[in-house]
Amino acid sequence: MNSYDQLYINGQWVAPVKGGTFDTIDPSSETVLARVAAATAEDVDLAVKAARAAFDEGPWPQMSGAARAQVLRKIAQGIRDRQQELAELEVRDNGKPLPEALWDIGDTAGCFDFYAGLAEGLDSHQEKTVALSDDRFTSIARKEPVGVAGAIIPWNFPMLMAAWKVAPALAAGCSIVLKPSEITPLTALELARIADAAGLPAGVLNVLPGFGADAGAAIAAHRGIDKLAFTGSVPTGSRIMQAAARDIKNISLELGGKSPLIIFADSDIEAAVEWIMFGIFWNQGQVCSATSRVLVQRGLYEPLLQRLRQEAKKVSIGNGLEEGVLLGPLVNKGQYEKVVSAISRGRDEGARLVYGGERPAGLDKGFYLQPTIFADVAEESWIWREEIFGPVVCVRAFDDEADALRSANDSPFGLAAAVMSRDLERAERVARKLRAGIVWVNCSQPTFTEAPWGGYKQSGIGRELGEWGLNNYLETKQITRYDSDQPWGWYIK
Ligand code: NAI
Ligand code: MG
């Protein structure tokens, strides 16, 4: 395995100023996977200076979009060339099953290719004429990179979350200081190696693993950073927003969710089983958009619970590198304990445990949990309202459309929502009334690089992916010219 005890700053691999390290754990065995360099505020300062110089004096923001696109495409190719190896590294660091990690790494490469296309598009769409009401003037609106971006990302899709921020920022012409999660730092460091080999100029991308309270807080507070892009929990998002408020930094936040999935009684029961299970059990339920609240119309409620129970029993649990495993371990001890305590809270609150709730038999090491299904979950209960971020689904029955919509929208979150019905008119009507940034009809979770991603309410601010993701890293400037021979008339009449 490669070593991970250095930071990537200004195109160089360097030891942290204070020399600190931390261990990242393989959650399938609870053993140390790698010793990793721990950045502190001193390293962040060096990285921001490098990123600043790369932006203020370097070639990157001045290059054509087409020239930047070439580097982005080389990064995409570099990722694809190592897809299997990177996916296995992701499994070891995060725990997810290998087929899902292979998706992630494929999507990571796809994200760089997609933004290469948008970078090329900038060459023709960077400036547009603005029609003014006063014909003595002409005006254009021009897109320019926002500057130095600080990106702080979570552990659930480590390399993909890096790509969602790094690819559009590079396409726009920004430079970046990226801090991966201390729980899963390895693939972000590999991204630095790949970007370096692709010829990205020094200082444009800097990768600094480290703890949130040290490196993360230093990025959020650094005055040399123009824009903060964050994905993670609501409390940390709030802290980042407060830090950004002092300097009026541009921010985008992608935070938690408690996303509803409404299933009308006319739905195909097998399709419902598939999307419910995928919606909450893929990636061990550690997904910001996981459909963790399932609302089932009365007539289908008990039959569907029975089918879910049968299928949940069959889910094969184990090390994500093993063939056929659907559910790997949770990402670390902290997350495991958090989910275990949520399950015991659900029991105490009187929800009906339909399946799971325990460590699977025969798996004594590793942060494994059974897929867990609670039914008859009360709307005011903690497990219905709070993000659990684990393989725990809460199900309740509803009677009619209005009731389902009221219940679905009754949440401080608004990241995603889904609706299933054979009556497409009804499904479309409900989709338009759901208060969420992402709504799936007759499915849950499929995510496309082309489409906007982000939440309403406490689920965040701004949108990633697609053209929206590029706009996150662009400022808009107007250049307005006075074209008349006549005096303006305020002073010279
Ligand atoms: P977190 O929000 O604390 O961590 C996300 C990132 O923020 C990490 O890189 C972390 O180092 C950094 N960070 C932490 N404190 C910071 C600070 N004060 N200033 C700047 N950066 C900081 O999430 P954590 O602790 O990993 O997980 C806690 C819970 O958050 C999970 O149990 C889950 O419920 C939720 N979560 C939600 C995610 C989502 O995608 N919506 C992703 C990860 C976690
Ligand atoms: Mg790990």
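Counting convention: from 1, in listed order, for ligands and their atoms alike.
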Q | Metal site the Mg ion (ligand 2): N/O/S of I183 inside 2.8 Å | A |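 It does: I183 brings an N, O or S atom closer than 2.8 Å to the Mg ion (ligand 2).
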Distance from [atom] to nearest protein heavy atom, with residue and atom:
atom                    : value
atom 8 (C) of ligand 1  : I153 O, 3.5 Å
atom 32 (O) of ligand 1 : K338 NZ, 2.5 Å
atom 43 (C) of ligand 1 : P154 CB, 3.5 Å
atom 38 (C) of ligand 1 : F389 CZ, 3.3 Å
atom 7 (O) of ligand 1  : F230 CE1, 3.2 Å
atom 3 (O) of ligand 1  : T236 OG1, 3.0 Å

**Q.** Contact check: W155 vs ligand 1, nitrogen or oxygen atoms, below 3.5 angstrom
**A.** yes
Q. Below 3.5 angstrom, do we get any N/O pair linking L255 and ligand 1?
A.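 L255 vs ligand 1: N/O contact under 3.5 Å present.
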Q | Other residues, nucleotides, ligands: >12 heavy atoms within 6.0 Å of K18 NZ | A | no
Q | E311: partners by side chain to side chain donor-acceptor pair (under 3.5 Å), with sequence neighbours left out | A | R307, K314
**Q.** Which residues share a side chain to side chain donor-acceptor pair (under 3.5 Å) with R435, sequence neighbours left out
**A.**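 So R435 forms no side chain to side chain donor-acceptor pair (under 3.5 Å) with any residue.
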Q: Heavy-atom distances under 4.0 Å are what count here, so tell me which part of E182 touches ligand 1: side chain, backbone, both or neither.
A: side chain
Q) Is ligand 1 under 4.0 Å from a heavy atom in the side chain of S233, in the backbone, in both, or in neither? A) both
Suppose I only count heavy atoms of [X] and a 4.0 Å limit; which atoms of ligand 1 are within that range?
X    : value
G256 : 41 (N)
I152 : 6 (C), 7 (O), 9 (O), 12 (C), 20 (C), 21 (N)
C288 : 39 (C), 40 (O), 41 (N)
Q335 : 31 (C), 32 (O)

Q. For the ring pair F230 and W164, is the centre-to-centre distance below 6.0 Å?
A. no
Pairing of [X] and [Y] as salt bridge, 4.0 angstrom limit:
X    : Y    : answer
R406 : E379 : yes
R347 : E358 : yes
D376 : R352 : yes
E387 : K258 : no
R52  : D226 : yes

Q: Assess A220 for proximity to ligand 1: is some non-hydrogen atom of it under 4.0 Å away?
A: no
Q | Heavy atom of protein closer than 4.0 angstrom to atom 25 (O) of ligand 1 | A |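 So atom 25 (O) of ligand 1 lacks protein heavy-atom neighbours under 4.0 Å.
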Q) Of G150, G455, G216, A243, which has the heavy atom at the shortest distance from atom 21 (N) of ligand 1? A) G216
Q | Per atom 14 (C) of ligand 1, closest listed option by heavy atom (G232, G212, P158) | A |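 Among G232, G212, P158, the closest heavy atom to atom 14 (C) of ligand 1 belongs to G212.
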Q: Quick one: closest heavy-atom pair of L415 and L255, and the distance?
A: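 So the two residues come closest at CD2-O, 4.0 Å.
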Q. So how far is it from R82 CZ to I194 CD1, rounded to the nearest 0.5 Å?
A. 4.5 Å
Q: Rounded to the nearest 0.5 Å, what's the gap from OG1 on T24 to CZ on R92? Could you check?
A: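 These two atoms lie 13.0 Å from each other.
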Q) Angle subtended at the Mg ion (ligand 2) by OD1 of D93 and O of I25, to 10 degrees? A) 100°
